[in-house]
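Protein chains get the first letters and strands the later ones, always in sequence-line order, with residue 1 at the start of each.
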Amino acid sequence: MLIVGELINASRKPIAEAIEAQNAEAIKNIAKEQWEAGAHYIDVNAGIFVEKEADYLQWLVKKVQEVVDLPCCIDSPNPKAIEKALEVHRGIAMINSVSLEKGRFEAVASLVAGSDLKVVALCMSDEGMPETAVERVKIADKLINKLVNKGVLIDNIYVDPLVQPVATNHNFGVEFLSAVEQIMNNFPGVHTICGMSNISYGLPVRKILNRTFAIMAVAKGLDSLIINPLDRELVAYLIAAETLSGRDSYCMNYLKAYREKKLNL
Amino acid sequence: MGVQSIFDAVISLDSDKVVELVKEEIGKGTDVSSILEQGLIAAMDEVGKRFSEGQFFVPEMLLAAQAMKAGIDVLRPYLIRSDSKSKKGTVVIGTVKGDLHDIGKNLVAMMLEGAGFEVHDLGVDVDTDTFVNAAKEKNADIVAMSALLTTTMPTMEEVIKAIKENQLKCKTMVGGAPVTQAFASRIGADGYSEDAPGAVEKARELLGL
């Protein structure tokens with residue numbers, strides 16, 4: 001299970017304030033906490049600062065990597081901001097994201113082409129948001145093929161099938177899950193990734209829906225998640241879900257988590 | 001009494017019951033505008049209030065709107081015959097260019113319809129000209145814009161500028177997850193709301209209803 005720690009996102013108020021005040025300590029602390037909790041990538045997002053996004057994104061990468069020995073997930077649709085962040089990035093970053101929307105594919109894909117960068121391929125096209133599994137798989141197919149044709153290794157592609165709120169259409173959960181299963185079966189070697197919180201929009205006690213949905217997606221083959229790694233319960237259940245899905249040889253990960261006291265809730 | 005039971009049926013999210021009761025009231029000769037105002041519209045206001053207070057949730061808003069719509073469909077032929085005093089104003093709504101998110105925009109459109117506004121939904125990825133032309137064509141009182149991306153938010157400002165340049169009399173409203181009151185004020189929007197029921201209140205306020 002690959003975990004992207006989602007907390008350094010400027011759409012969260014304390015983060016926006018820390019960025020504006022250039023409070024490096026605050027950012028470093030959150031990076032460190034996520035690292036200690038087992039995150040593999042630290043997401044950095046400065047999207048709300050439209051004009052200053054590129055500078056802030058670069059600053060975030062610098063500050064995060066001053067304290068943790070982890071790559072970042074550079075969370076921006078803006079190729080200029082991504083490039084600026086990459087200038088200072090150490091290691092192999094993940095870019096979040098490329099999609100089939102006009103203008104957005106070429107610009108970001110050309111940054112990734114011929115590099116070792118990991119890339120999130122978001123299932124969105126100019127035809128709008130996919131609603132069914134069939135629509136998602138169709139977009140995923142195009143994205144994967146176009147990226148592979150540009151020389152991106154399939155192992156570096158993380159398809160995000162796009163989570164939509166179950167409150168607005170009760171089939172949105174099951175269509176997503178079915179898409180994960182088909183993508184993982186149809187394109188051996190590719191990864192699937194998503195954030196959780198969209199699923200529960202408009203409903204109470206969102207945590208229960210988010211967690212249950214994450215577990216169900218892992219059962220369908222989802223192997224990467226953008227989550228809050230400080231949520232110890234969620235992480236423990238994800239480890240268990242992966243073990244139960246047949247992706248934990250001899251249950252070694254589960255036992256390792258036990259010995260590291262990650263299962264003491 | 002009869003109109004109150006229509007109100008109750010909308011709150012209970014029961015479309016069939018609403019249709020049945022509206023037919024019954026029409027049969028009894030109850031004033032159609034009171035069926036609309038005190039029955040259906042008042043019920044949607046209550047639904048919006050409960051939503052804002054965290055007692056009702058999105059799926060319940062959707063069902064209530066369906067129930068309301070079913071009632072309006074029965075009422076429509078009679079409304080056209082009666083005077084048009086129940087018309088609240090015309091709203092042109094859409095998600096701005098480059099942005100394909102429609103959930104919030106749909107909720108706002110639905111609640112505005114529920115409040116008796118004439119709503120023209122332009123869909124998603126709507127460019128500035130389309131907003132301006134629709135506003136002219138429909139003689140809109142309000143142009144409402146949604147953006148869910150920080151990258152598409154600035155487009156709202158272009159639409160507002162174009163509306164002013166074309167000297168259209170309509171008011172402008174903006175909303176969407178990254179949009180704030182401060183942003184709305186900065187780009188010269190007349191109204192902003194955090195959620196769908198708030199958008200209805202704002203629209204009424206802007207039109208002095």
Side-chain angles (χ1 to χ4, degrees), chain A residues 9-13 16 45-54 56-57 75-82 97 99-104 107-108 122-131 135 139 162-173 197-206 209, chain B residues 47-48 50-66 94-111 121-127 146-158 176-180 182-183 186-187 194-197:
Chain A
N9 187 317
S11 62
R12 299 175 64 236
K13 218 169 171 198
N45 175 309
I48 63 157
F49 301 104
V50 189
E51 295 94 17
K52 290 187 184 162
E53 184 192 5
Y56 283 159
L57 209 52
D75 186 357
S76 169
N78 174 358
K80 291 211 172 73
I82 296 171
S97 59
S99 80
L100 269 192
E101 293 159 87
K102 55 179 169 287
R104 192 154 161 202
V108 180
L122 179 65
C123 288
M124 221 153 118
S125 75
D126 288 324
E127 283 148 55
M129 305 240 186
E131 298 200 339
E135 287 165 12
I139 299 174
L162 192 82
V163 178
Q164 293 223 65
V166 73
T168 59
N169 177 335
H170 66 265
N171 285 320
F172 276 165
S197 56
N198 276 353
I199 193 68
S200 58
Y201 166 82
L203 291 169
V205 203
R206 298 180 64 170
L209 288 164
Chain B
V47 168
R50 291 189 189 185
F51 175 79
S52 296
E53 286 168 353
Q55 296 177 45
F56 263 26
F57 298 94
V58 166
E60 292 163 320
M61 259 202 336
L62 296 175
L63 281 174
Q66 277 176 25
T95 303
V96 296
K97 185 82 193 150
D99 200 323
L100 303 172
H101 293 82
D102 65 356
I103 287 167
K105 183 265 296 168
N106 291 347
L107 288 175
V108 172
M110 199 181 76
M111 291 304 284
D121 187 344
L122 307 178
V124 297
D125 194 19
V126 179
D127 61 30
S146 171
L148 262 288
L149 300 172
T150 50
T151 44
T152 54
M153 260 164 60
T155 314
M156 295 173 150
E157 189 170 6
E158 285 172 30
V179 182
T180 58
F183 175 80
R186 186 161 68 73
I187 65 171
E194 211 176 83
D195 63 11

Visitor: Can you give me the closest heavy-atom contact between B:Ile103 and A:Thr168, atom names plus distance?
Guide: CG2-CG2, 3.6 Å
Visitor: Chain A heavy atoms under 4.5 Å from B:Leu149: which part of the residue, side chain, backbone, both or neither?
Guide: neither
Visitor: In terms of heavy-atom proximity below 4.5 Å to chain B, should A:Glu127 be classed as side chain, backbone, both, or neither?
Guide: neither
Visitor: Can you check whether B:Thr150 reaches A:Glu53 side chain to side chain, under 4.5 Å on heavy atoms?
Guide: no
Visitor: Please classify the contact between A:Ser99 and chain B as side chain, backbone, both or neither, with a heavy-atom cut-off of under 4.5 Å.
Guide: neither
Visitor: Under the side chain to side chain contact (heavy atoms under 4.5 Å, CB included) rule, what do A:Glu101 and B:Leu100 come out as? Steps first, then yes or no, please.
Guide: CA-CA 10 Å; A:Glu101 293 159 87; B:Leu100 303 172; 4.0 Å; yes
Visitor: Evaluate the side chain to side chain contact (heavy atoms under 4.5 Å, CB included) criterion for residues A:Val50 and B:Met153: first the C-alpha distance (whole Å), next the side-chain angles of each, then the deciding distance (0.1 Å), finally the verdict.
Guide: CA-CA 9 Å; A:Val50 189; B:Met153 260 164 60; 5.5 Å; no
Visitor: Using a heavy-atom cutoff of under 4.5 Å, enumerate the residues of residues 51-63 of chain B that contact chain A, numbered in order, or state 'none'.
Guide: B:Phe57, B:Val58, B:Pro59, B:Leu62
Visitor: Where does A:Pro204 contact chain B at under 4.5 Å (heavy atoms): side chain, backbone, both or neither?
Guide: both
Visitor: Could you list the residues that satisfy salt bridge (charged side-chain N to carboxylate O under 4.0 Å, His left out) with B:Asp121, not counting sequence neighbours?
Guide: B:Lys105
Visitor: About how many Å separate CG of A:Asn78 and OG1 of B:Thr151, when rounded to the nearest 0.5 Å?
Guide: 8.5 Å
